[in-house]
There are 2 protein chains.
Amino acid sequence: MKTIIPIHEVKTKTTPNDSFFESYEARFKALADRKRLQIMYELTQRGKTCVCDLCDIVDMAQSKLSYHLKILLDANLITREVIGTWSYYEINNSEVNGLLSEELCCIFRPTRS
Amino acid sequence: MKTIIPIHEVKTKTTPNDSFFESYEARFKALADRKRLQIMYELTQRGKTCVCDLCDIVDMAQSKLSYHLKILLDANLITREVIGTWSYYEINNSEVNGLLSEELCCIFRPTRS
DNA sequence: TTATTAAATCAAAAATATTTGATCAATGAA
DNA sequence: TTCATTGATCAAATATTTTTGATTTAATAA
C-alpha cells in the first residue's frame with residue numbers, strides 16, 4: 001500500500017509534477033464516497049470513537065466499515081489507536097484543516113485548534 | 001416545550017441525511033483524479049482557457065479532455081463559455097473557495113476575491 | 001456548395017473500486 | 001485451556017470509472 005506524504009510536505013516550489021497531483025488525488029479519492037463522508041462527519045461530531053460503536057452509528061457491516069476506515073487512514077485523514085481488542089479512530093485535524101475550507105468546519109473538519 | 005433552532009444553526013444541529021453527503025461526494029469525486037487536478041491547476045494559473053490550448057497544455061486526447069472537463073463542469077467546479085466553435089473554461093471561484101482550504105490557494109483554488 | 005476545425009458524445013474495452021461472506025489473529029474472560 | 005469478542009484481511013462477485021477511437025454537430029472558410 002502506498003504511503004501518503006503529509007500535506008505540509010507536499011507543497012510545491014516549482015511546477016507540480018505528476019506525483020504532486022497523485023498525492024492530492026489520494027486524499028480526494030478518500031473523501032469521494034458518501035459513506036466515508038458520513039464516517040468523517042460522525043468522527044468530527046463525536047471525537048475519538050470505537051469501531052464497534054461506529055458500526056451501529058453508520059449502520060454498516062463490520063468488514064465494510066473496516067475497508068472504508070482503512071482508506072481514510074491510508075489517506076492520513078484519520079488516526080487509529082489500538083487499546084486491547086478495541087480500535088479507536090479520530091479525525092486528523094491538521095490534515096483535514098489543511099485540505100478543506102473553513103465553511104466545512106463542523107461538518108467534515110474540526111474547528112481550528 | 002419545543003425549542004426552535006435558530007436558522008443559522010440548523011445546518012449543524014440537524015443530522016445530515018444521505019443526499020447531503022451525496023452532494024459532497026459528487027464534488028470530491030470530481031477532484032479525485034490527478035488529470036482533473038492538473039486541469040484545475042492550469043485553469044487556476046492561466047485563467048479562462050480554450051479547450052484546444054488545454055489539450056496541448058495537459059497533453060491529453062481531445063475526447064478524454066472533454067470527458068474530464070464535463071465531470072468538473074457537472075460538479076460546478078468550473079464554468080464554460082462558448083464563442084463560435086471554441087469553448088473556454090474557467091475556475092468557479094466561489095465553489096472552489098467554499099470547498100478547499102486557504103492552504104490550497106494558488107494550486108487548485110484562486111485567491112479570494 | 002464543400003472542406004476544415006473545434007469539441008461533444010457514443011459504445012466497447014479496460015481498469016478500479018466496492019461489497020459480501022468467510023477466515024484469521026489477537027485479546028481477555030471463564 | 002477453551003470460548004467469545006473485536007476488528008483486520010482475503011478472494012470472488014459486482015459495480016463504477018476511465019480510456020479509446022469513431023462518429024456527430026456546429027461554426028466558419030474557401
Side-chain angles (χ1 to χ4, degrees), chain A residues 1-4 18-19 21-40 42-43 46 48-90, chain B residues 18-19 21-40 42-43 46 48-90:
Chain A
M1 186 58 207
K2 178 170 278 174
T3 309
I4 306 295
D18 190 60
S19 83
F21 294 117
E22 201 178 326
S23 153
Y24 280 99
E25 178 189 87
R27 292 165 225 270
F28 289 123
K29 257 194 182 127
L31 293 171
D33 181 279
R34 73 195 67 178
K35 280 296 185 185
R36 290 195 291 271
L37 288 174
Q38 193 194 351
I39 292 167
M40 293 288 287
E42 294 298 342
L43 292 180
R46 292 164 194 269
K48 189 176 287 196
T49 307
C50 181
V51 171
C52 55
D53 294 335
L54 212 49
C55 232
D56 294 336
I57 292 163
V58 302
D59 186 31
M60 221 184 282
Q62 183 270 317
S63 71
K64 192 170 166 177
L65 177 57
S66 199
Y67 167 79
H68 287 296
L69 285 170
K70 187 175 190 325
I71 286 171
L72 292 170
L73 187 67
D74 288 346
N76 202 25
L77 295 172
I78 61 176
T79 58
R80 176 159 81 120
E81 192 190 356
V82 178
I83 297 173
T85 48
W86 289 271
S87 282
Y88 294 87
Y89 286 89
E90 190 174 19
Chain B
D18 191 60
S19 83
F21 294 117
E22 202 178 328
S23 138
Y24 281 98
E25 177 189 86
R27 291 166 228 267
F28 289 124
K29 255 191 185 135
L31 293 171
D33 180 279
R34 72 196 67 177
K35 280 298 187 183
R36 290 196 290 271
L37 288 173
Q38 193 193 352
I39 292 167
M40 293 288 285
E42 293 298 341
L43 292 180
R46 293 163 194 271
K48 189 175 287 196
T49 306
C50 180
V51 171
C52 54
D53 293 335
L54 212 49
C55 231
D56 294 336
I57 292 163
V58 302
D59 186 31
M60 219 185 284
Q62 183 270 317
S63 70
K64 192 170 165 178
L65 177 58
S66 199
Y67 166 79
H68 287 295
L69 285 170
K70 188 176 190 326
I71 286 171
L72 291 170
L73 187 68
D74 288 346
N76 202 27
L77 296 172
I78 60 176
T79 59
R80 177 158 81 122
E81 191 190 355
V82 178
I83 298 175
T85 49
W86 289 272
S87 281
Y88 294 87
Y89 285 89
E90 191 174 19

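Chain letters run A, B, ... following the sequence lines, proteins first and then strands; every chain starts at 1.
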Starting from the C-alpha separation in whole Å, work towards a yes-or-no answer on side-chain contact (heavy atoms from CB on, under 4.5 Å) for Ile78(A) and Ile39(A). CA-CA 10 Å; Ile78(A) 61 176; Ile39(A) 292 167; 5.6 Å; no
Pairs: protein N or O with nucleotides 12-14 of chain C N or O, under 3.5 Å:
none

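- As rounded to whole Å, 9 Å separates atom C1' of dT19(D) from atom OH of Tyr67(B).
- For the pair Arg27(A) and Tyr24(A), the minimum side-chain heavy-atom distance is below 4.5 Å.
- Using a 4.0 Å cut-off, no side-chain N or O of Ser87(A) falls inside it from OP1 or OP2 of dT6(D).
- Regarding Gln38(A), its CD atom lies at a distance of 15 Å from the P atom of dT18(C), rounded to whole Å.
- The shortest non-hydrogen separation linking Leu77(B) to Ala30(B) is CD1-CB, 3.8 Å.
- A heavy-atom distance below 4.5 Å is not found between the side chains of Leu72(B) and Tyr89(B).
- Atom CD in Glu25(A) sits roughly 12 Å away from atom C1' in dT18(D) (whole-Å rounding).
- Asp33(B) has its side chain out of reach of Ile71(B): every pair of non-hydrogen atoms, C-beta onward, lies at least 4.5 Å apart.
- As judged by a 4.0 angstrom heavy-atom cut-off over every strand, Lys29(B) is placed among residues touching the sugar-phosphate backbone only.
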Verdict with supporting geometry, Ile57(A) and Thr49(A), side-chain contact (heavy atoms from CB on, under 4.5 Å): CA-CA 10 Å; Ile57(A) 292 163; Thr49(A) 307; 4.3 Å; yes
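- Which of dT19(D), dT18(C), dA8(C) sits closest to the side chain of His68(B) comes down to dT19(D).
- What you find for Ser87(B) and Val82(B) is that their closest heavy atoms are OG-CG2, 3.9 Å.
- The distance between atom CG of Leu54(A) and atom P of dT6(D), rounded to the nearest whole Å, is 14 Å.
- When the P atom of dA7(C) is taken as reference, atom CG of Leu72(B) falls 16 Å away, rounded to whole Å.
- Residue-level contact check: Ile71(B) touches the backbone only, with heavy atoms under 4.0 Å from sugar-phosphate atoms and none from bases.
- Looking at residues two or more places apart in sequence or on another chain, you find a side chain to side chain donor-acceptor pair (under 3.5 Å) between Glu42(B) and Arg46(B).
- If you take CG of Asp33(B) and P of dT17(D), they are 12 Å apart, rounded to a whole angstrom.
- Remark: Gln62(B), Ser63(B), Ser66(B) in residues 56-66 of chain B come within less than 4.0 Å of DNA chain C through at least one heavy atom.
- At a threshold of 4.0 angstrom between heavy atoms, the contacts of Tyr88(A) with the nucleic acid are absent.
- Defining each end axis of the helix from dT1(C)-dA30(D) to dA30(C)-dT1(D) as the rotation carrying four pairs' C1' atoms onto the next four, with five pairs an end, the two axes are found to diverge by 10° to 10 degrees.
- Considering all non-hydrogen atoms of both residues, Asp59(A) and Lys35(A) come closest at O-NZ, 4.4 Å.
- Residue contacts shown for Cys55(B) are absent, as no nucleic acid heavy atom lies under 4.0 Å away.
- Closest of all the heavy-atom pairs between Cys55(A) and Cys52(A) is CB-O, 3.5 Å.
- Applying the side chain to side chain donor-acceptor pair (under 3.5 Å) rule to Glu81(B) yields the partners Lys48(B); only residues at least two apart in sequence or on another chain are considered.
- Within the structure, a side-chain polar atom (N or O) of Tyr89(A) is placed less than 4.0 Å from OP1 or OP2 of dA8(D).
- Contacts with DNA chain C (heavy atom under 4.0 Å) in residues 74-85 of chain B: Arg80(B), Thr85(B), listed by number.
- Across every non-hydrogen atom of Arg36(B) and Lys29(B), the tightest pair is NH2-O, 3.0 Å.
- How far CG of Leu37(A) is from OG of Ser23(B): 9.5 Å, rounded to the nearest 0.5 Å.
- Arg36(A) has its CZ atom 8 Å from the P atom of dT19(C), to the nearest Å.
- Here the P atom of nucleotide dA27(D) and the CH2 atom of Trp86(B) are 12 Å apart, to the nearest Å.
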